[in-house]
Trainee: 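One structure follows; several queries about it will come next.
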Amino acid sequence: MRATNLYAPTLRQTPADAEILSHQLMLRAGMMRKSANGMYHFLPLGWRTIRKIEQIIREEMDAAGGQEMCMPILQPAEYWQESGRWAVYGAEMMRMKDRHGHEYCLGPTHEEMITSLVRDEVRSYKQLPLMLYQIQDKFRDERRPRFGLMRSREFIMKDLYSFDKDVEGMNLSYRKMYDAYTAIFSRCGLEFRPVEADNGAIGGGHSHEFTVLADAGESSIACCTKCDYAASDEKAELAPVEAPDEEPRELEKVATPGTNTIESLVSFLNIPIEKTIKAVAYETEQNALVLVFVRGDHEVNEVKVLHQLEGVLELRMAEEETIRAAGGCPGFMSPIGIKKGTHILVDPTVMNMKNAVSGANETDFHYKNVNPSRDFKDVVVADLRLVREGDPCPHCGAPVKMTRGIEVGQVFALGTKYSAAMGATFLNEQGKEKPLVMGCYGIGVGRTMAAAIEQSNDEHGIIWSRSIAPFEVVVVPVNGKNEEQLRYAEEVYGELKKAGVDVLLDDRPERPGVKFKDCDLIGYPLRLTIGPKTLEEGTLEVKIRKTGEMFHETRENYLGKVQELLKTL
RNA sequence: CGGGACGUGGCGCAGUUUGGUAGCGCACCUCGCCUGGGACGAGGGGGUCGCAGGUUCGAAUCCUGUCGUCCCGACCA
């Protein structure tokens, strides 16, 4: 490709509506443009990177036994009604009717479509396992699209679905995908961690998120400083903290005027915060009250709370009247004296506490010498707290470190949630009808591109890994109007192309500064410069974008050197 | 959806307070000159100031409405 034929409109200034670095750099490098809120054009340079990422994904999916296919983006409502998600998915699903009044949605995901396809075709365990995937646009009408490709409404996703005859088979498919994902993100040159994750609305069994480590990320993950345990903040399990053994004293009600926060309580009673019990009151969408108790210095993990409540999809902060109706008192809450039938969830750390302080369900009063194992009745004890830096790893006990990351892929062991709901069954070896055991595995392609930029850039622009760079090498004649230089550059360009190197010739009649700035901004891994000096010597100047290292190489040796260098970039 | 901000040539912005008929930098076109890190000179093209009403002799500027965009929050395979 010649730069004079390339549509790559670079920008000197950063467009005002781009907030994060990857978005700004992609706009400035002429890789993408915005079309509408949460929707983007990929320009030729950006599309080359997208296609390279897709190709890596494709190769690894195929190697793991996947077969590529393509499903419609417009999906009939009836499949979603069968799975029950038509009612659950909410406003994020873009719904529409055709001229006959039939209802459809723009596919936010394809579990229903693939399950309906496969149930009609797969009859026997002999056809299993089966892994089908596509790389296709998805659409989710996000409440708030932001950060360019990180959270767009229309986005490219690879989604693979596995079908197995039993859980062992599913676990094997899951493992294959886990390994394939590891290979994919490694090949993209990313620093990432697979982390244990919550399943969210998709349901099913275990799950991992593949998270690229970057400060601009929206996800927070806990990584053990010693072993390889890593989990999303929502998922990270926590063992109960032991409390020092004390002789339980008698429960005592004390006046604590105006202490409706933990901070004010701690200073009023002059006690360590670890001696206090904090309450958070929620209401479910069925308007049931849920009281959650954690130690004063801990935070509630709402996802863990949700897991304790059968059939509940959403929590909101409870209204004062609801709390009062159950016998509680906002700011002074305790499990002691709450009406029977209220959900009371208590973190195990709280159950270990001795002679602690909790509210007394009466304004301006607290209980002292609360011993939860003695005093709390009809409570559910479960891990409910949110992980924080320094908490012990559930596997080895070493402290965890909190890191930010960008979730670029997630794998789910679904089980039979969709196959059972939609009647996707097969006959097993015993001739018995069984639901297919499924897994689903997604990768955000655009997000992977954005994550790569977030992780690798400098003040001059993007620094691509060779594997996903729009071009591997750029050849730059310093003077684009000097015929000798141009001819020399053309020859080099031809040689590189012949050798199978993905090369761009910057033959624009621009001044050298302009071309160099563009090279750095776009981030080609290697730049070969031809100027008066190199022309005279019969050499080329090689510049490595990543390190800034520059050296001259003879015409005889440069090709080998370039190929050797590319392997390391 | 709640809170905040902003819409003026392709991009970045000034002008709005105090109404008087649109300006700067970059980019673009032509000519000259220059060629190892976003040159220079001369000339030139391009904007009914998001849109719709209203006030006024007169509106980018004031009023009302509306649409769009961005940020924070809530939300999220």
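Just so it is clear, the values below take in all heavy atoms, side chains as well, and ignore hydrogens, waters and symmetry mates. Naming: A, B, ... by sequence-line order, numbering from 1 per chain.
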Trainee: Between P on A74(B) and CG on Leu315(A), what's the gap in Å once rounded to a whole number?
Mentor: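 After rounding, the gap between these two atoms is 14 Å.
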Trainee: When all nucleic acid strands are considered with a 4.0 Å heavy-atom cut-off, which category describes Arg28(A): base, sugar-phosphate, or nothing?
Mentor: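 Answer is base: heavy atoms of Arg28(A) come under 4.0 Å of a base.
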Trainee: Determine the sole option in Arg388(A), Lys304(A), Lys278(A) for which the salt bridge (charged side-chain N to carboxylate O under 4.0 Å, His left out) test with Glu299(A) is passed.
Mentor: Lys278(A)
Trainee: Any chance the side chains of His307(A) and Asp198(A) put a donor and an acceptor closer than 3.5 Å?
Mentor: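 The answer is yes; a qualifying pair exists.
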Trainee: Take atom OH of Tyr441(A) and atom P of A77(B), then tell me their distance rounded to the nearest Å.
Mentor: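 Roughly 18 Å, once rounded to whole Å.
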Trainee: Provide, to the nearest angstrom, the distance between the CZ atom belonging to Arg545(A) and the C1' atom belonging to G37(B).
Mentor: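 Atom-to-atom, Arg545(A) to G37(B), this comes out as 13 Å.
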Trainee: Considering Watson-Crick and G-U wobble pairs with both distances under 3.5 Å, what does G2(B) pair with?
Mentor: C72(B)
Trainee: Can you tell me how far P of G36(B) sits from CG of Asn482(A), to the nearest Å?
Mentor: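 Rounded to whole Å, this separation is 11 Å.
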Trainee: Over how many whole Å does the gap from Leu11(A) atom CG to G12(B) atom C1' extend?
Mentor: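 Checked: the CG to C1' distance equals 9 Å.
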Trainee: Looking only at side chains, do Glu283(A) and Thr322(A) share a donor and an acceptor under 3.5 Å apart?
Mentor: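 Yes.
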Trainee: Establish whether the base of G25(B) is bridged to the side chain of Gln13(A) by a donor-acceptor pair shorter than 3.5 Å.
Mentor: yes
Trainee: Which nucleotide in the set G38(B), C76(B), G37(B) lies at the smallest distance from any side-chain heavy atom of Lys543(A)?
Mentor: G37(B)
Trainee: Report yes or no: do His208(A) and Tyr174(A) form a side-chain donor-acceptor pair below 3.5 Å?
Mentor: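 Short answer, yes.
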Trainee: Look up atom NZ in Lys34(A) and atom OH in Tyr40(A), then write down how far apart they are to the nearest 0.5 Å.
Mentor: 6.0 Å
Trainee: Just to be sure I understand the rule, does Pro532(A) reach a base, reach only the sugar-phosphate, or reach nothing, if contact means heavy atoms closer than 4.0 Å?
Mentor: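 Contact class for Pro532(A): base.
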Trainee: What does the B/S/- profile of nucleotides 66-71 of chain B look like, 5' to 3', with a 4.0 Å heavy-atom cutoff to protein?
Mentor: ---SSB
Trainee: With sugar-phosphate meaning primed atoms plus P, OP1 and OP2, does Thr14(A) contact a base, only sugar-phosphate, or nothing at under 4.0 Å between heavy atoms?
Mentor: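 Sugar-phosphate only.
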Trainee: Starting at atom CG of Asp458(A), determine the distance to atom C1' of G37(B), rounded to an integer number of angstrom.
Mentor: 14 Å
Trainee: Taking a pair as Watson-Crick or G-U wobble with both distances under 3.5 Å, which nucleotide is matched to U30(B)?
Mentor: A42(B)
Trainee: Return yes if a side-chain donor-acceptor contact under 3.5 Å exists between His110(A) and Lys138(A), otherwise no.
Mentor: yes
Trainee: With a non-hydrogen cut-off below 4.0 angstrom, is Pro512(A) in contact with a base, only sugar-phosphate, or nothing?
Mentor: base
Trainee: If pairing requires Watson-Crick or G-U wobble contacts with both distances under 3.5 Å, which nucleotide is the partner of C62(B)?
Mentor: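 Pairing partner: G54(B).
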Trainee: Can you tell which of G38(B), C75(B), A77(B) lies closest to the side chain of Val514(A)?
Mentor: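 When the side chain of Val514(A) is considered, G38(B) is the closest of G38(B), C75(B), A77(B).
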Trainee: Determine the Euclidean distance between corresponding P atoms of C76(B) and G15(B); express it in Å to zero decimal places.
Mentor: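 These two P atoms come out 42 Å apart once rounded.
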Trainee: Let me know the distance between CZ of Phe516(A) and P of U35(B), rounded to the nearest Å.
Mentor: 14 Å
Trainee: Among C34(B), A77(B), U35(B), which is the nearest nucleotide to the side chain of Phe412(A)?
Mentor: A77(B)
Trainee: Of the options A77(B), C75(B), G36(B), whose atoms approach the side-chain atoms of Arg143(A) most closely?
Mentor: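 Looking only at heavy atoms from C-beta outward on Arg143(A), the closest nucleotide is C75(B).
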Trainee: Could you give the CE-to-P distance, from Met93(A) to A77(B), as a whole number of Å?
Mentor: 13 Å
Trainee: Rounding to the closest angstrom, what is the interatomic distance between C67(B) and C51(B) at atom C1'?
Mentor: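 The answer is 7 Å between these two C1' atoms.
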Trainee: Remember a base hit wins even if backbone is also touched, and classify Arg527(A) as base, sugar-phosphate or nothing at under 4.0 Å, heavy atoms.
Mentor: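 Arg527(A): base contact, heavy atoms under 4.0 Å.
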Trainee: Can you tell me the base-pairing partner of G9(B)? Count Watson-Crick or G-U wobble geometry only, both distances below 3.5 Å, and say none if there is no partner.
Mentor: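 Its partner is none (no Watson-Crick or G-U wobble pair with both distances under 3.5 Å).
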Trainee: When the C1' atoms of A60(B) and C49(B) are compared, how many Å lie between them, rounded to an integer?
Mentor: 4 Å
Trainee: Using only heavy-atom distances, determine whether the side chains of Arg175(A) and Ser173(A) contain a donor-acceptor pair under 3.5 Å.
Mentor: no
Trainee: Would you say the side-chain atoms of Ser232(A) and Glu209(A) include a donor-acceptor pair closer than 3.5 Å?
Mentor: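 The answer is no; no qualifying pair exists.
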Trainee: Name the residue from Leu160(A), Ile56(A), Leu132(A), Ile135(A) that meets the side chain to side chain contact (heavy atoms under 4.5 Å, CB included) definition with Met61(A).
Mentor: Leu160(A)
